[in-house]
Amino acid sequence: DPLVHHGRHIGRSIYAFANINHLLTMGVAIDAVGDVPSEEQERLEYRVYKAILKFLPPLDEALANYSPEQITRIAALLQKGSDSARSDDTKGLKKGVIEFLNDDAPLDPYVHPGEKSSRGFAHPRLGQLLCPISKDWNNETHRKELIEGTQTPGPEDWPLFLFENQEFNREDVWAGFLKNEYLVQAYLWVFICPTAARKSKKSIKATKQGNAQIHGMTSVTIASIVYIATQVRFALTNAEPFSRSDRVTDSQSFYQSLYRFLDNPDYHEEVDDLLKWWN
DNA sequence: GGAATTTGTTAGGTCGATCG
DNA sequence: CGATCGACCTAACAAATTCC
């Protein structure tokens, strides 16, 4: 279904953890009244709603005339696309991220590309990448706390892998922020094609159009960077699947706090520079 | 409070495109 | 023309949630 197809791109580049039925229903209701939502959370949702309609002009024209049942049916198809793309990318980057790290320098101890159990803070190099900026990975007490999981990093306590060369400058939070090479590689993996991300396999050419081209994407979005960061983070952790609460406290809240941080008008200039760098 | 259903995840495909 | 790539799909299953 073409709606499932479009849904794949919505999750990757517009908003990943949205309840699309809720967004569309709410958006239509707001448009019908003409009031701008007062609450910040609602305003964010409304912006996402508008971004979806901008991406799908035919839906924009027709949506107001649809019944709630029709909207629910459309939303379910978009949601299916969004969810399945996320799941495909999680699967791909589980292996991909380990390849990026190994291309840089072989991981020691070895990390199996298909397994999660040896990842996370227990691994010296993956642990360092995941180490939040409020902690010092070289400090034994801090390291122990992270390995044992006695403390969970709060919002905006970013992991080190978000920064260029895994280096955080306490004087300037924006120095190298979201300019990490592994993030770029993961971005290429998802939006161009997996082989484009590999430094070591330059001879191999893609045999199909990549996701960016398929969906007519010509520039980087905030949401797509946040999406990739969330996927890389999950690939680095030893997080066991099968746990919904883990996803909520983990990937979803990470995604939301990073998205809100970049969406903050106070950082307008920094974010513009960042997008320019990515493009 | 146990059965039924839904949700979220993974492994393991299919199949058309295109490279060497 | 076989090998491989990569988007997309399906089935299975565990956990969470809802139902009765």
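Heavy-atom basis, side chains included; hydrogens, waters and symmetry copies ignored. Residue numbers begin at 1 in each chain, while the letters A, B, ... track the order of the sequences.
Comparing B:dT9, B:dT10, C:dC8 by their closest approach to the side chain of A:Asn211 singles out C:dC8. Residue A:Thr195 places its side chain closer to C:dC5 than to any other of C:dC8, B:dT10, C:dC5. Comparing atom distances between the A:Lys94 side chain and each of B:dT10, B:dT9, C:dA7 picks out B:dT10 as nearest. For A:Pro194, taking side-chain heavy atoms from C-beta onward, the closest of the listed nucleotides C:dG6, B:dT10, C:dC8 is C:dG6.
As rounded to whole Å, 11 Å separates atom P of C:dA7 from atom CD of A:Gln213. Atom CD1 of A:Ile20 is separated from atom P of B:dT7 by 14 Å (rounded to the nearest Å). Atom pair A:Asn238:CG and B:dT9:P shows a separation of 16 Å (rounding to whole Å applied). A:Lys95 has its NZ atom 14 Å from the C1' atom of B:dA11, to the nearest Å. When rounded to the nearest whole Å, the span between OH of A:Tyr255 and C1' of B:dG8 equals 18 Å. Per the geometry, NE2 belonging to A:His6 stands 15 Å off C1' belonging to C:dA7, to the nearest Å. Here C:dA7 presents its P atom at 9 Å from NE2 of A:His215, a figure rounded to the nearest Å. Rounded to whole angstrom, the span from the CG atom of A:Leu93 across to the C1' atom of C:dG6 amounts to 14 Å.
Between A:Phe163 and A:Phe177, the two ring planes are tilted [angle within 30° to 60°].
For A:Trp158 and A:Phe168, the distance between ring centers is not under 6.0 angstrom.
Within the structure, a side-chain polar atom (N or O) of A:Arg86 is placed less than 4.0 Å from OP1 or OP2 of B:dT9.
Remark: the backbone N or O of A:Val184 is not paired with any side-chain donor or acceptor of A:Trp189 at under 3.5 angstrom.
Looking at A:Arg86 and A:Asp83, a side-chain N of the basic residue comes within less than 4.0 Å of a carboxylate O on the acidic one, giving a salt bridge. Between A:Asp88 and A:Arg8, at least one side-chain N (NZ, or NE/NH1/NH2) sits under 4.0 Å from a carboxylate O, which counts as a salt bridge.
Between its opening and closing five pairs, the helix from B:dG1-C:dC20 to B:dG20-C:dC1 changes axis direction by 10°, a value rounded to 10 degrees.
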For residues 71-79 of chain A, run the donor-acceptor check on the side chains, cut-off 3.5 Å, and write out each pair with its distance to 0.1 Å, sequence neighbours left out.
{"unit_1": "A:Thr72", "atom_1": "OG1", "unit_2": "A:Asn21", "atom_2": "OD1", "d": "3.4"}
{"unit_1": "A:Thr72", "atom_1": "OG1", "unit_2": "A:Pro68", "atom_2": "O", "d": "2.9"}
{"unit_1": "A:Gln79", "atom_1": "OE1", "unit_2": "A:Ile20", "atom_2": "N", "d": "2.9"}
{"unit_1": "A:Gln79", "atom_1": "NE2", "unit_2": "A:Ala18", "atom_2": "O", "d": "3.1"}

Using atom types as modelled, flag every donor-acceptor pair under 3.5 Å from a side chain in residues 46-64 of chain A to any protein atom, sequence neighbours excluded.
{"unit_1": "A:Tyr46", "atom_1": "OH", "unit_2": "A:Asp31", "atom_2": "OD1", "d": "2.5"}
{"unit_1": "A:Arg47", "atom_1": "NH2", "unit_2": "A:Asp263", "atom_2": "OD2", "d": "2.4"}
{"unit_1": "A:Tyr49", "atom_1": "OH", "unit_2": "A:Asp31", "atom_2": "OD2", "d": "2.9"}

Can you give the donor-acceptor pairs under 3.5 Å from side chains of residues 268-277 of chain A to other protein atoms, not counting sequence neighbours?
{"unit_1": "A:His268", "atom_1": "NE2", "unit_2": "A:Asp272", "atom_2": "OD2", "d": "3.4"}

Under 3.5 Å, which protein N or O atoms sit close to an N or O of nucleotides 9-11 of chain C? Give each pair with its distance.
{"unit_1": "C:dC9", "atom_1": "N4", "unit_2": "A:Asp88", "atom_2": "OD1", "d": "3.2"}

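Not counting sequence neighbours, the partners of A:Tyr267 by the ring pair (Phe, Tyr, Trp, His ring centres under 6.0 Å) test are A:Trp174, A:Phe261.
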